[in-house]
Amino acid sequence: MFQPFSATPHGVPLATSIPDTRKQQIDDVLLKLPGVKAKKIGGLDAYLVSDKMFACISGNGVGIRVSAAMAIELQFSRGDVVPFQPGGMPSSKEWVQIDHADAADYALDVEVFQASLAFVKGTRG
């Protein structure tokens with residue numbers, strides 16, 4: 001019998017492609033930004049611009065470095081932004097974490113990621 005697609009012995013179609021992982025969905029957003037490269041740093045999937053980390057995947061979210069003023073504004077204006085505390089470390093005034101249950105929602109945060117990039121490019125350290 002001719003079958004137009006691959007199937008298991010029970011007739012259930014096999015997936016022809018593996019669904020994107022959470023990291024892949026985040027990569028799809030961040031690696032499209034100009035000058036961004038991915039690298040493992042201290043066990044974290046990090047994103048760098050000009051050899052400086054501006055974002056990383058941690059727990060259920062993405063940590064980003066922004067100005068202290070923007071960090072405060074984001075935490076007070078958005079319910080999905082929390083202090084960035086990777087591995088329970090103390091939070092920093094320039095780091096926050098955006099938590100999305102669906103990693104595809106990070107595509108909605110491109111302007112915030114661009115602000116982070118600009119901030120980190122302009123810092124000395």
Between CG on residue Leu117 and NZ on residue Lys52, distance to nearest 0.5 Å: 11.0 Å
For residues 93-104, which side-chain N or O atoms pair as donor and acceptor with protein atoms under 3.5 Å away, sequence neighbours left out?
from   : atom 1 : to     : atom 2 : distance (Å)
Glu94  : OE1    : Arg65  : NE     : 3.0
Glu94  : OE1    : Arg65  : NH2    : 2.9
Gln97  : NE2    : Ser58  : O      : 3.4
Gln97  : NE2    : Asp99  : OD1    : 2.7
His100 : NE2    : Asp109 : OD2    : 2.6
Asp102 : OD1    : Ala104 : N      : 3.0

Do other residues, nucleotides or ligands put more than 12 heavy atoms under 6.0 Å from the CG atom of Asn60? no
If you round to the nearest 0.5 Å, how far is CG of Leu30 from CG of Leu48? 11.0 Å
For the residue pair Met53 and Ala55, what are the closest heavy atoms and their distance? CG-O, 3.4 Å
Phe84 and Phe113: same hydrophobic cluster, using ILVMFWY side-chain contacts below 4.5 Å? no
Does any part of the side chain of Arg78, heavy atoms only, come nearer than 4.5 Å to the side chain of Val112, both counted from C-beta? yes
Give me the atom names and distance for the closest heavy-atom approach of Leu31 to Ala38. CD2-N, 3.8 Å
NZ/NE/NH1/NH2 to OD/OE distance under 4.0 Å, Lys23 and Asp27: yes
Lys39: what forms a salt bridge (Lys or Arg N to Asp or Glu O under 4.0 Å) with it, not counting sequence neighbours? none
Between Leu44 and Pro86, which heavy-atom pair has the shortest distance, and what is it? CD1-CB, 4.4 Å
Suppose clustering is done on Ile, Leu, Val, Met, Phe, Trp and Tyr with side-chain heavy atoms closer than 4.5 Å. Which residues sit in the same group as Ile72? Phe76
Please report the shortest heavy-atom distance between Tyr106 and Val29, naming the atom on each side. O-CG1, 3.8 Å
For Phe54, is there any backbone N or O sitting under 3.5 Å from a side-chain donor or acceptor partner on Ser116? yes
Do Gln75 and Val82 touch side chain to side chain, with heavy atoms closer than 4.5 Å? no
Where is the tightest heavy-atom contact between Ala46 and Ile41, given as atom of each residue plus distance? CB-CD1, 3.9 Å
Does the side chain to side chain contact (heavy atoms under 4.5 Å, CB included) test come out yes or no for Leu33 and Tyr47, once each step is laid out? CA-CA 10 Å; Leu33 299 172; Tyr47 301 90; over 6 Å; no
Should Leu108 and Ile26 be regarded as members of a common hydrophobic cluster, given that ILVMFWY residues are connected when their side-chain heavy atoms come within less than 4.5 Å of each other, either directly or indirectly? no
